[in-house]
Amino acid sequence: MSGADLPRAIDPDVLRPRLPSPLQEVADERFARHGVRLLLKRDDLIHPELIGNKWRKLVPNLAAAGGRTVLTFGGAYSNHLRATAAAGRLLGLPTVGVVRGHELADRPLNPSLARCAADGMRLHFVDRSAYRRKDEPETRAALLRATACEEAYVVPEGGSNALAVRGCTALGEELRGHADVVALACGTGGTLAGLAAGLSPGQRALGVPVLRGGFLGAEIRALQDAAFGGPRGEWSLDERFHFGGYARTPPGLDAFAADFGRRHGLPVERLYVAKSLYGLVSLVEEGAFPRGTTVAAVVTGRPDVS
């Protein structure tokens, strides 16, 4: 989806993106000495507030909402909640965020949730047990009643659904003919599911999950079934680089991200991007890519607004 073909329900002057996002080659001796080229796909430059895959996943859903209240889900530091709240402010759409952790209701808002509230998002805190059951019909109905949002348009946690997956196929299409392997960090898997579908035969997508658990492969297959009626493209996951799970950024990862930023003039977002770049450096040093391989790393976010 380009800036010229935004859905008619979306004002192009409000959410005009920079598409295709820039593709930059960087000189990194850790790759060069193994005969591997490194490209950075700068999806972090698509839009100043709907960064990277957030733009690609949210815009089709915002169009489908048709002006209705948008209700979605996330944790206390959810980038998806922040992006949804920003989109609501820009488009004049009411937004509601169902936040994991009822105990947070009586605490001062952290900077991420405070930004959501400042952008007009109404926050509704639920206990963790109910949050885990949020996709069950009875629990979902109860949440909609509790928020007085029975008619709301519901976007799943992380924004990953069939519409979002189809929106992310453009990312793969923009990379056709440019790289042999396209790597990115994965949360809920929607971006990878669409990216793989958009690539050409012979290209493959590599996902680096940022959560523990080994569940993401099944989620990606289910998303492709919902979006396309079956599997699309070649993709794989390397589950070794989550650093303990979501929002875990130990000193070694911080040091790596700071060093990469100094080498290439790129502020590196820690929760997602740093883990995927660390994984790529590890893989190239393991000899995972034959000499002559071109690898593109998707920069899906930037620090503090990813």
Side-chain angles (χ1 to χ4, degrees), residues 53-54 57-58 60-88 93-110 112-117 119-168 186-194 209-227 242 245-247 271:
N53 59 345
K54 302 300 182 288
K57 293 198 291 185
L58 268 177
N61 278 287
L62 294 169
R68 288 178 286 165
T69 295
V70 174
L71 181 143
T72 193
F73 306 86
Y77 294 92
S78 169
N79 298 321
H80 169 66
L81 285 183
R82 296 210 323 258
T84 304
L93 286 174
T95 58
V96 175
V98 176
V99 184
R100 179 179 62 247
H102 189 266
E103 72 278 4
L104 301 174
D106 297 322
R107 299 178 186 174
L109 297 178
N110 66 35
S112 182
L113 294 178
R115 182 69 261 170
C116 291
D119 280 340
M121 175 174 274
R122 180 158 56 92
L123 301 174
H124 180 77
F125 299 88
V126 299
D127 67 71
R128 295 169 189 273
S129 175
Y131 191 90
R132 284 193 295 271
R133 303 192 309 275
K134 63 186 179 301
D135 295 326
E136 298 175 4
E138 289 185 4
T139 303
R140 175 69 59 85
L143 286 171
L144 292 175
R145 289 194 299 271
T147 55
C149 288
E150 287 91 340
E151 303 302 318
Y153 180 84
V154 178
V155 178
E157 183 177 27
S160 290
N161 58 11
L163 281 175
V165 170
R166 289 193 288 268
C168 288
C186 302
T188 52
T191 306
L192 180 65
V210 301
L211 292 87
R212 295 180 299 173
F215 61 88
L216 195 59
E219 295 288 333
I220 293 168
R221 288 188 287 272
L223 285 166
Q224 287 199 330
D225 285 343
H242 53 68
Y246 185 71
L271 303 187

ask   = Do the side chains of L144 and V154 get nearer than 4.5 Å, heavy atoms only?
value = yes
Note: D119-R115 ion pair, threshold 4.0 Å (strictly below) = yes
ask   = Can any side-chain N or O of R107 pair as donor or acceptor with the backbone N or O of L104 at less than 3.5 Å?
value = no
key: Between CG on residue L62 and CG on residue L163, distance to nearest 0.5 Å   = 10.5 Å
message = Between R122 (side chain only) and T147 (backbone N and O only), is there a donor and an acceptor less than 3.5 Å apart?
response = yes
query = Just how far is it from atom CG of L216 to atom NE2 of H242, taken to the nearest 0.5 Å?
reply = 12.0 Å
query = Backbone N or O of V155 within a donor-acceptor pair of the T72 side chain at under 3.5 Å?
reply = yes
task = Could you check R140, K57, K134 and say which one makes a salt bridge (Lys or Arg N to Asp or Glu O under 4.0 Å) with E157?
result = K134
task = Could you tell me whether the side chain of Y131 and the main chain of F125 form a donor-acceptor pair under 3.5 Å?
result = no
message = Around atom CD of E138, are there more than 12 heavy atoms from other residues, nucleotides or ligands closer than 6.0 Å?
response = no
remark   = The reported gap from CG in L271 to OH in Y77 (rounded to nearest 0.5 angstrom) is 10.5 Å
request  = Give a yes or no on whether H102 atom NE2 has more than 12 heavy-atom contacts from other residues, nucleotides or ligands under 6.0 Å away.
outcome  = no
note = A152 and L71 have their tightest heavy-atom pair at CB-CB, 4.1 Å
ask   = Roughly how far, to the nearest 0.5 Å, is the CZ atom of R100 from the CG atom of D127?
value = 12.0 Å
key: Minimal non-hydrogen separation, P94 against G67, with atom names   = CD-O, 4.5 Å
inquiry  = Is it the case that atom CZ in F215 sees more than 12 heavy atoms from other parts of the structure closer than 6.0 Å?
reply    = yes
message = Test your reading of the model: is there a side-chain donor-acceptor pair from R82 to the backbone of S112, 3.5 Å cut-off?
response = no
request  = Would you tell me whether S129 and R133 have side-chain atoms, one donor and one acceptor, within less than 3.5 Å of each other?
outcome  = yes
inquiry  = If you compare all heavy atoms of A193 against all heavy atoms of I220, which two are closest, and at what distance to 0.1 Å?
reply    = CB-CG2, 4.0 Å
ask   = Do other residues, nucleotides or ligands put more than 12 heavy atoms under 6.0 Å from E151 CD?
value = no
key: CZ on R166 to CG on L223, rounded to 0.5 Å   = 11.0 Å
message = Give me the atom names and distance for the closest heavy-atom approach of C116 to L123.
response = CB-CD2, 4.3 Å
query = Can you name the closest pair of heavy atoms from S160 and A164 and give their distance?
reply = CA-CB, 4.2 Å
Considering all heavy atoms, the nearest G75-L113 contact = O-CD2, 4.4 Å
query = Once you round to the nearest 0.5 Å, how far does CZ of R145 lie from CD of E150?
reply = 7.5 Å
